[in-house]
Amino acid sequence: MVTFLFKTEPGAYSFERLLAEKRAVWDGITNNAALAALRAARKGDEVLVYHTGDVKAIVGLASVLTNAYPDPNHPGLTEGGLPRTPVVDIAPIRAARSPVSLAQIKADRRFRDFALVKQSRLSVMPVPPALDKPLRQLTGL
DNA sequence: GCCAACGTTGGC
DNA sequence: GCCAACGTTGGC
């Protein structure tokens with residue numbers, strides 16, 4: 001089981017909306033590094049959901065319901081048998097008891113090399129196993 | 001294939 | 001609102 005971090009601008013799609021709608025297709029990713037990360041997502045993986053913009057905090061946890069599959073809106077685009085524009089379906093698990101801000105994460109030396117800190121524009125990334133527990137402890141997820 | 005110009009994201 | 005840090009595009 002891999003934990004990912006997905007960023008979203010809450011004005012465009014919020015974790016609250018995911019809680020209300022119970023399921024979402026995570027699409028609209030265009031950046032290649034983010035697509036490569038998303039392509040590796042498998043059913044049973046989990047997702048820390050991060051709000052960008054005014055919030056800048058990890059706000060909730062979701063589960064990955066499907067393996068990465070080709071975006072139905074971009075059919076036929078494949079690369080080595082794998083979807084070039086992968087999407088996954090996710091469902092909310094729960095909101096964070098204590099959302100953890102980017103400032104907190106940046107201030108914590110354990111997260112020094114985390115892509116969230118080092119590559120501010122990356123919107124999908126795996127959470128390194130060593131950082132998964134600390135992040136869940138801080139968020140209560 | 002290189003790289004200058006331009007566009008975008010997201011933190012500040 | 002600005003701009004750093006990217007990514008993308010297109011001329012050559």
Side-chain angles (χ1 to χ4, degrees), chain A residues 1-43 45-141:
Chain A
M1 199 274 285
V2 177
T3 302
F4 288 88
L5 186 143
F6 289 0
K7 287 185 181 177
T8 182
E9 165 58 50
Y13 192 93
S14 66
F15 188 74
E16 290 70 25
R17 187 167 158 198
L18 180 63
L19 284 170
E21 297 184 353
K22 311 250 194 278
R23 187 174 180 129
V25 178
W26 208 260
D27 60 6
I29 306 297
T30 56
N31 172 276
N32 271 320
L35 287 169
L38 188 59
R39 201 171 288 127
R42 295 293 177 264
K43 181 177 180 179
D45 289 346
E46 292 187 349
V47 177
L48 296 169
V49 178
Y50 173 90
H51 277 175
T52 60
D54 293 337
V55 183
K56 290 191 280 294
I58 295 171
V59 296
L61 184 68
S63 61
V64 176
L65 301 176
T66 64
N67 290 353
Y69 64 95
D71 187 341
N73 296 315
H74 302 274
L77 293 178
T78 60
E79 214 167 70
L82 294 167
R84 194 170 81 75
T85 50
V87 299
V88 294
D89 292 7
I90 65 171
I93 295 177
R94 61 184 172 278
R97 263 204 307 279
S98 50
V100 173
S101 70
L102 179 62
Q104 276 177 270
I105 291 168
K106 282 191 162 176
D108 190 325
R109 298 183 66 249
R110 289 176 294 179
F111 305 121
R112 218 173 5 185
D113 295 325
F114 189 24
L116 185 71
V117 172
K118 291 194 112 180
Q119 289 172 255
S120 66
R121 298 199 313 167
L122 187 62
S123 58
V124 175
M125 67 199 78
V127 176
L131 302 185
D132 191 21
K133 234 174 216 153
L135 281 176
R136 286 170 188 259
Q137 275 169 1
L138 289 170
T139 49
L141 288 170

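Order of the sequence lines fixes the chain letters, A, B, ..., with proteins taken first and strands second; residue numbering starts at 1 for each chain. Only heavy atoms go into these numbers, but all of them, side chains included; no hydrogens, no water, no symmetry mates.
For the pair Val88(A)/Phe4(A), no side-chain contact is recorded, criterion being any heavy-atom separation below 4.5 Å from C-beta on. Residues Lys43(A) and Thr66(A) fail the side-chain proximity criterion, which asks for heavy atoms closer than 4.5 Å.
Remark: C1' of dG11(B) and CZ of Phe114(A) are 16 Å apart, rounded to the nearest angstrom. The interatomic distance linking Met125(A) (CE) with dC6(C) (P) rounds to 13 Å, in whole Å. One atom, CG of Leu35(A), and another, C1' of dG7(C), lie 12 Å apart when rounded to the nearest Å. The distance between atom CD of Glu9(A) and atom P of dT8(B), rounded to the nearest whole Å, is 16 Å. Whole-Å rounding puts the Ile58(A) CD1 to dG10(B) C1' distance at 16 Å. Distance Asn31(A) CG to dT9(B) C1': 10 Å, rounded to the nearest Å. Here the P atom of nucleotide dG11(B) and the NZ atom of Lys106(A) are 7 Å apart, to the nearest Å. The CG-P distance, from Leu122(A) to dT8(B), rounds to 19 Å in whole Å.
For the pair Lys56(A) and dT9(B), the criterion of a side-chain N or O lying under 4.0 Å from OP1 or OP2 is not met.
When every heavy atom of Gly140(A) is checked against every heavy atom of Arg97(A), the shortest pair comes out as CA-NH2, 3.6 Å. Looking at every heavy atom in both residues, Ile58(A) comes nearest to Ile105(A) through CD1-CD1, 3.8 Å.
The ring pair (Phe, Tyr, Trp, His ring centres under 6.0 Å) test applied to Phe15(A) returns no partner, not counting sequence neighbours.
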List the atom pairs, with distances to 0.1 Å, where a side-chain N or O of residues 110-131 of chain A and a protein N or O form a donor-acceptor pair under 3.5 Å, not counting sequence neighbours.
from      : atom 1 : to        : atom 2 : distance (Å)
Arg110(A) : NE     : Asp108(A) : OD1    : 3.2
Arg110(A) : NE     : Asp108(A) : OD2    : 3.3
Arg110(A) : NH2    : Asp108(A) : OD2    : 2.8

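In this structure, the helix from dG1(B)-dC12(C) to dC12(B)-dG1(C) shows an angle of 10° between the axis at its start and the axis at its end, each fitted on 5 base pairs and rounded to 10°.
Toward the 5' end of DNA chain B, the nearer of the two residues His51(A) and Arg121(A), judged by each one's closest nucleotide, is Arg121(A).
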